[in-house]
Participant: 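Encoded as structure tokens, here's the structure I'll be asking about.
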Amino acid sequence: MRRTVVGGALAALLLLAACGDDSGSTATSTSAEPADITMVVYDSFPTEGTPLNDALAAFTADTGIGVNLVVAGDAGTMVTKAVLTAGNPEGDVMWGVDNTLLSAATDGRVFEGDPTPVDDGDVCVNYDIAWFTDHGINPPLTLADLIDPAYKDLLVVENPATSSPGLAFLLATVAAQGEGGWQDYWRALRANGVAVEDSWTTAYYERFSGAGGGSSGGDRPLVVSYASSPPAEVVYADPPRDDAPTGVSLGTCFHQTEYAGVLRGTDHPAEAAQLVAFLTGVAFQQELPLTLFVNPVNPDVTLPDVYRQWAAVPTDPYTVDPAEIAANREQWQDEWTNIVLR
Amino acid sequence: MDEHRAALTGPNRLPRWLVPALAAAPVAVVATFFLWPVGTLLARVVRPGSVGDTLSIPGLGDVLWFTLWQAVVSTVLTLAVGFAPAALLARYRFPGRRAVLALVTVPFMLPTVVVGAAFLALLPDGLHGTATAVVVAHVFFNVAVVVRLVGAMWAVIPPDLPGAARTLGASPAQVLRHVLLPLLRPALVAAATVVFLFTFTSYGVVVLLGGAANPTLEVEIARRATQLGDVDGAAVLSVLQLVTLAGVVWWSSRAQRRAALQLGGGSVPLRRPRGRRERGLTVAVTTVTGALMAAPLAMLVLQSFRVGGRFTLNAWRRLGEPASSRPGSGLGVDPVASLGVSLRYALVATTIALVVGGLAAMAIASARRHGRLLDIGMMLPLGTSAVTLGLGLLITFDTVPYDWRGEWWMVPLGHALVATPFVVRAVLPVLRAVPDDQRAAAVTLGASPLRAWWWVDARQAWRPLLAGAGIAAAVSLGEFGATTFLTRSGRETVPIAIGRLLGRAGALPRAQAFALATILLVATAVVIALVDRPEVDRAGRS
């Protein structure tokens, strides 16, 4: 018995050694071909098995440039890491720095040249359609509606200090009420019974009554989520359904844009630039709606039906200048904590 | 003969030259993969004035106070809850023993994301977002530490000791107080230390169950580094945390040494409970513990069969084909592959932790003054925030010839750093309890000091080593913090895949996350059953 184990271990070692030899010989013989490059992504970017990955494989087939994906953590962690390693980056291209983090990245001289917008989307209050129908109340439409006593104890939001949709919603209120006015708005929200969770997962799955087509058992029919959550509810419904169980309050939205760019210090600037160009092309962009649930920036993309039909498109979402966000974010988060949690 | 005498007297039980040799590997690992990266990070980001700026953060006092008291309360309650099952499981053989042992140990390695969700479903709404919820979950998670560490010690206490005390007229309470507790003290201190370290640095439980109003220091460190980009503030707070915990470990290591008593005979075979009292106690404790531990787990399994408000197998049936829900859509998670990755990492991490931790424990037990230093050094990674260590590794191993930041083995190595202290804590009390006269007898009978050490010390270490291996595998399987920092493309571990599934709206991903968590639960139970097997076989033979 023991002998077999030892034999197996030996065989495995020999096999490993053989593999090592193999890769060594291919590395020397392929030196003339374009280099493989690495794209740093946030943790919700799929690393395999989705149409996005198929599109990247097609890029490799066309250009000979292999693309490795490196998952750096959530978007905030990814930028922190990129700033610490600026000039000697973890990869050659970075995907997915949004406008709330953009200044931190550019101030940290993370990118070679300016990053390119690759997708956008909105953070908005979502509502549970069935709940509002059952109670005979119209869902709220605007930020002002949310402090109406008719909607008392109905809303759950994420902590802006620990959650990126939470921060986006805080920024929406800053844009709407002004730098001196948002504090009173949040005092009113608190008086109207707003609930706070630290993460989107908890807020959406545990507290929101409309999550999973109403299967969550949550107690709040209003939640801060994404304008593209309703199509996700349709795509991942079980049993399948054709209409969304949730809707979007269009007057509560904050607009986010995500950027990609070549990382400063890359050994392969030409290949990296080629990849960034590909990321904004139709072949890649058309796969974004149903994998990352974001809007493509390329105007030539035809949106999938389920996405076009159920994703909300706010006409005039709130937004805040990235430099202003970078300068004030920490102070706003601290102020918010004092007003809402203490 | 002189050489033999040196081996027998005092704490230095091994030939003196061998102690540094044993210590070399653990010291090298901690220095390379812990001290160097954390030191590099501190040197890189901390400016003059950082310390003052960070310590004047508004609300820091509240954070420190909450961190401390919830850790103390959690530790005391965990010891209280875990004591009885530890005793029963170490002493008695009864039907369902292994099931209870697994049930107690499994929660320890479940991803906090999932248990947090199960607890939210279990606890009444009024407790959501409270310190009570945090403490309850901490007890649930850490009972395993008490059961395994205290149980390993209990298993080597000869039953004739309390028996003799009883014969001499001591009441059960007196036996407990004057015989058992002093004997168990090193293991109790070890378990309390580990639980305190875990709860003091708790992250996932606090984020999920404590609500936004109750951050621990670890949560604040992660928030500063990842959300605010304030890496220097995070680094300063990490050092504060590290110094606090080093103090605790120093005290604990001293207390364990002082309390170490020598016991003869090795582990005691399991026996059936005798008499009505023993049987009644066994049934009662087993039932209560089992029910408490099973409730959140049952909830978890149940959730995996509920999609869209009804019972269905869909989440399970579609685990293997996660990519397409509708044409052109994809979750980007391969649950089956993630299971393979997790098992492989657990194997590698456990092996590293056993070798490093086993050598360290032997060196610590044999060395004199420097033993405590090594002891504290091995514990440090457990008290360091994953964010700080992750960032340190990132900026340290970034140039040829040690450009290792993209290497797959960084992940199991990170797991092993966290798991090693458990191996040390499990082995050390038992090694210290080995009586000198056994070794003396061996030498008198003609064994060399090395042979004597092997036959007497090393052979008693196998059972705590197995206990340590179980915990190490568990740590690796459930690890979420460091993994999220070090993980690389296509190599998601199960906890990461679960986190990914929970990050997507819709009925199916949520149920699939619970299905995957159920698989992790079963995998963990199987690993534990495998690790504990020899103990059962031996008991069966005796």
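All chains are named by letter (A, B, ...) in the order of the sequence lines, taking the proteins before the strands, and each is independently numbered beginning at 1.
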Participant: Is B:Arg344 positioned over the aromatic face of B:Trp408, cation under 6.0 angstrom from the ring centre and no more than 45 degrees off axis?
Facilitator: yes

Participant: In chain order, what residues pass the side chain to side chain donor-acceptor pair (under 3.5 Å) check against A:Arg308, with sequence neighbours excluded?
Facilitator: A:Asp305

Participant: Where does B:Leu41 contact chain A at under 4.5 Å (heavy atoms): side chain, backbone, both or neither?
Facilitator: side chain

Participant: Please flag which part of A:Pro160 lies under 4.5 Å from any non-hydrogen atom of chain B: side chain, backbone, both or neither.
Facilitator: neither

Participant: Measuring heavy-atom distances to chain A, does B:Val45 have an atom under 4.5 Å in its side chain, in its backbone, in both, or in neither?
Facilitator: side chain

Participant: With only heavy atoms counted, which part of A:Asp74 is less than 4.5 Å from chain B, the side chain, the backbone, both or neither?
Facilitator: side chain

Participant: Answer yes when A:Asp243 and A:Arg241 have at least one side-chain N-carboxylate O distance shorter than 4.0 Å, and no when they do not.
Facilitator: yes

Participant: Name the option with the most non-hydrogen atom pairs under 4.5 Å to chain B; the candidates are A:Val79, A:Thr85, A:Asn88.
Facilitator: A:Asn88

Participant: Is chain B contacted by the side chain of A:Glu158, its backbone, both, or neither, given a heavy-atom distance below 4.5 Å?
Facilitator: neither

Participant: Determine whether the side chains of A:Ser209 and A:Asp128 contain a donor N or O and an acceptor N or O closer than 3.5 Å.
Facilitator: yes

Participant: Checking A:Tyr307 now: which residues fulfil side chain to side chain donor-acceptor pair (under 3.5 Å) with it, not counting sequence neighbours?
Facilitator: A:Asn295

